[in-house]
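Have a look at the structure below, then the notes.
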2 protein chains.
Amino acid sequence: MHISTKCSIAIHCLIFISEYGEKRKVTSELLSLSTGTNPVTIRNIISALKKEGILSVKFGTGGTKLNCPLNEITLYRICNALEPNFLTKLIGIHSMPSPLCPVGKNIHSVLNTSYAKIHEDLRSSLQSISMKEIMDNYNHL
Amino acid sequence: MHISTKCSIAIHCLIFISEYGEKRKVTSELLSLSTGTNPVTIRNIISALKKEGILSVKFGTGGTKLNCPLNEITLYRICNALEPNFLTKLIGIHSMPSPLCPVGKNIHSVLNTSYAKIHEDLRSSLQSISMKEIMDNYNHL
DNA sequence: CCTCCTGTAAATTTTAATCTTACATCTAAT
DNA sequence: ATTAGATGTAAGATTAAAATTTACAGGAGG
């Protein structure tokens, strides 16, 4: 399973909210126009970020605001909010190796050991980048 | 785009070839049985690994042998053989942000900068694991 | 009480991955 | 040389995953 475009859309939304969330009412309709994605997808993404405590949404009347400092919003947190346990789904494993073959019998165990290290490395990589760096990048473009 | 199960199947095949490639004729049919994948997929994977110089295939009569030392066969090399530039396809980016919006106009550039670091980190992670470690792991199971 | 918004669910469409079928070609053994 | 058992690919069919669309129940605030 891959890291979907939802991650990119989420970052897009967070930049937008960080820039405009205090000044005007940021609705899913507005984010939909800016990202070029349909409003339901936006609402699902925003909903996931809300559950993670990253932002808050004004119910009923609409509008979105960030809920914690930029440096605490890491890419890891975003990805995990969008898809829990996304790391374990990163590299697909074939499901039907032959149990009669010495290799087939043990392949899952071998792969899991090796992949665990990759998951760890990717996790720290994603934790090392937060919306703070991304906003800095955006502002100095 | 994700790292597909082809990577796991490739590792499975390489373990099998490493164990049995010298003793018996390892055909796509045999690998197909061991992995539980159809022979055409196996042949495509083996073909990609061959182009990378990782193994060699005896044409006509069949049979596969490793072509270089285990420690030179890194996961990065395997993934790249299976799908060139797989890193740039790892995290999807939404294709239609609004060019009228300040965020939409610049999002691709911002994302590419941030994602480049992740690609680098993942690359070194994948380069740090080779078939040598995997075979050691397999043998000490 | 009316309008604009959110939160979800369900069905449809689109896209990507995988499997199947088919066949040309090659090698070694008989 | 003929044949049996392989590889290498191309195309089409099937399956599975993502994304979009449609629909609607509910809240907030003028």
Side-chain angles (χ1 to χ4, degrees), chain A residues 1-10 12-13 17 21 24-33 35-52 55-65 67 79 81-83 85-86 89-97, chain B residues 1-10 12-13 17 21 24-33 35-52 54-65 67 79 81-83 85-86 88-97:
Chain A
M1 196 74 51
H2 70 294
I3 302 177
S4 77
T5 66
K6 282 198 285 184
C7 174
S8 298
I9 296 170
H12 184 140
C13 292
I17 295 164
R24 63 178 69 178
K25 187 168 74 168
V26 178
T27 66
S28 64
E29 176 69 19
L30 191 53
L31 291 170
S32 163
L33 288 172
T35 58
T37 317
N38 77 81
V40 175
T41 301
I42 297 292
R43 293 210 283 267
N44 284 329
I45 290 171
I46 293 295
S47 173
L49 297 176
K50 191 179 71 170
K51 278 175 193 145
E52 255 294 307
L55 46 73
S56 58
V57 178
K58 203 157 187 177
F59 194 63
T61 173
T64 306
K65 287 195 177 58
N67 215 13
C79 287
L82 295 172
E83 181 154 327
N85 294 104
F86 73 101
K89 299 170 193 160
L90 182 70
I91 312 179
I93 296 183
H94 49 305
S95 54
M96 295 292 189
Chain B
M1 196 75 48
H2 71 295
I3 301 178
S4 76
T5 66
K6 284 199 284 184
C7 175
S8 298
I9 296 169
H12 184 141
C13 291
I17 294 165
R24 63 179 67 178
K25 188 169 73 168
V26 177
T27 67
S28 64
E29 176 69 19
L30 192 51
L31 292 169
S32 162
L33 288 171
T35 58
T37 318
N38 76 83
V40 175
T41 301
I42 298 292
R43 293 211 282 269
N44 284 329
I45 290 171
I46 293 295
S47 173
L49 297 177
K50 192 179 70 170
K51 280 177 192 143
E52 255 294 306
I54 291 172
L55 46 72
S56 58
V57 179
K58 205 159 186 177
F59 194 60
T61 174
T64 304
K65 288 194 176 60
N67 214 14
C79 287
L82 295 171
E83 181 153 328
N85 294 103
F86 73 100
T88 62
K89 300 171 194 159
L90 182 70
I91 312 179
I93 296 184
H94 51 305
S95 53
M96 296 292 187

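In the text below, chain A, chain B and the rest are named by the order of the sequence lines, each starting its count at 1.
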* Counting only side-chain N and O atoms of A:Ser47, is one of them less than 4.0 Å from OP1 or OP2 of C:dT6? -> no
* Asked: Do the side-chain N or O atoms of B:Lys58 get closer than 4.0 angstrom to the phosphate oxygens (OP1, OP2) of C:dC26?
  -> no
* Approximate separation, where rounding is to 0.5 Å, of B:Cys13 SG and B:Leu55 CG -> 9.0 Å
* Asked: Quick one: on DNA chain D, does B:Gly63 or A:Ile9 contact a more 5' nucleotide (nearest heavy atom)?
  -> B:Gly63
* Structure fact -> Ranking C:dT20, D:dT22, C:dC26 by distance to the side chain of A:Val40, first place goes to D:dT22
* Side-chain N or O of A:Ser28 less than 4.0 angstrom from OP1 or OP2 on C:dT6? -> yes
* Asked: When the distance from CD of A:Glu29 to P of C:dT3 is rounded to whole Å, what number comes out?
  -> 18 Å
* Between A:His94 (NE2) and C:dC19 (C1'), how many Å, whole number? -> 16 Å
* Residue among A:Ile45, A:Leu82, A:Ile46 satisfying side chain to side chain contact (heavy atoms under 4.5 Å, CB included) with A:Ile9 -> A:Ile45
* **Interatomic distance, A:Asn44 CG vs C:dC5 P [rounded to whole Å]** => 18 Å
* Which residue, A:Thr64 or B:Pro39, contacts DNA chain C at a nucleotide closer to its 5' end, judged by nearest heavy atom? -> A:Thr64
* To do: Write down the distance between NZ (B:Lys89) and P (C:dA16), rounded to a whole number of angstrom.
  => 11 Å
* **Nucleotide of D:dA19, C:dT8, D:dG27 approaching A:Thr41 most closely (side-chain heavy atoms)** => D:dA19
* Between D:dA19 and A:Lys6, is there an OP1 or OP2 to side-chain N/O distance shorter than 4.0 Å? -> no
* Asked: Tell me: CE of B:Met96 to P of C:dT15, nearest whole Å?
  -> 10 Å
* How many Å lie between CD1 on B:Ile93 and P on D:dA18, as a whole number? -> 18 Å
* Considering only heavy atoms from C-beta outward, does the side chain of A:His12 approach that of B:Pro97 to under 4.5 Å? -> yes
* Just checking A:Thr27: base, sugar-phosphate only, or nothing, at a heavy-atom cut-off of under 4.0 Å? -> sugar-phosphate
* Nearest whole angstrom, please: distance from the P of C:dC5 to the CG of A:Leu30. => 10 Å
* Asked: Would you say A:Thr5's side chain and B:His94's backbone share a donor-acceptor pair under 3.5 angstrom?
  -> no
* OP1 or OP2 of D:dA6 sitting under 4.0 Å from any side-chain N/O of B:Thr61? -> no
* Tell me which nucleotide among D:dA19, D:dT9, D:dG8 gets nearest to the side chain of B:Phe59. => D:dG8
* Asked: The side chain of B:Asn38 lies closest to which of these nucleotides: D:dT20, C:dC19, D:dG8?
  -> C:dC19
* To do: Go through D:dT7, C:dG7, C:dT18 for me and flag the one nearest to the B:Thr5 side chain.
  => C:dT18
* Asked: Sub-3.5 Å donor-acceptor pair from the side chain of A:Thr37 to the main-chain atoms of A:Ser32, do we have one?
  -> no
* Would you classify B:Gly60 as touching base, sugar-phosphate or nothing, given that sugar-phosphate means primed atoms plus P, OP1 and OP2, and contacts are heavy atoms under 4.0 Å? => base
* Structure fact -> Rounded to whole Å, the CZ-C1' distance (B:Arg24 to D:dA6) equals 17 Å
* Using modelled atom types only, decide if a donor and an acceptor are shared between the side chain of A:Lys25 and the backbone of A:Thr61 within a distance under 3.5 Å. => yes
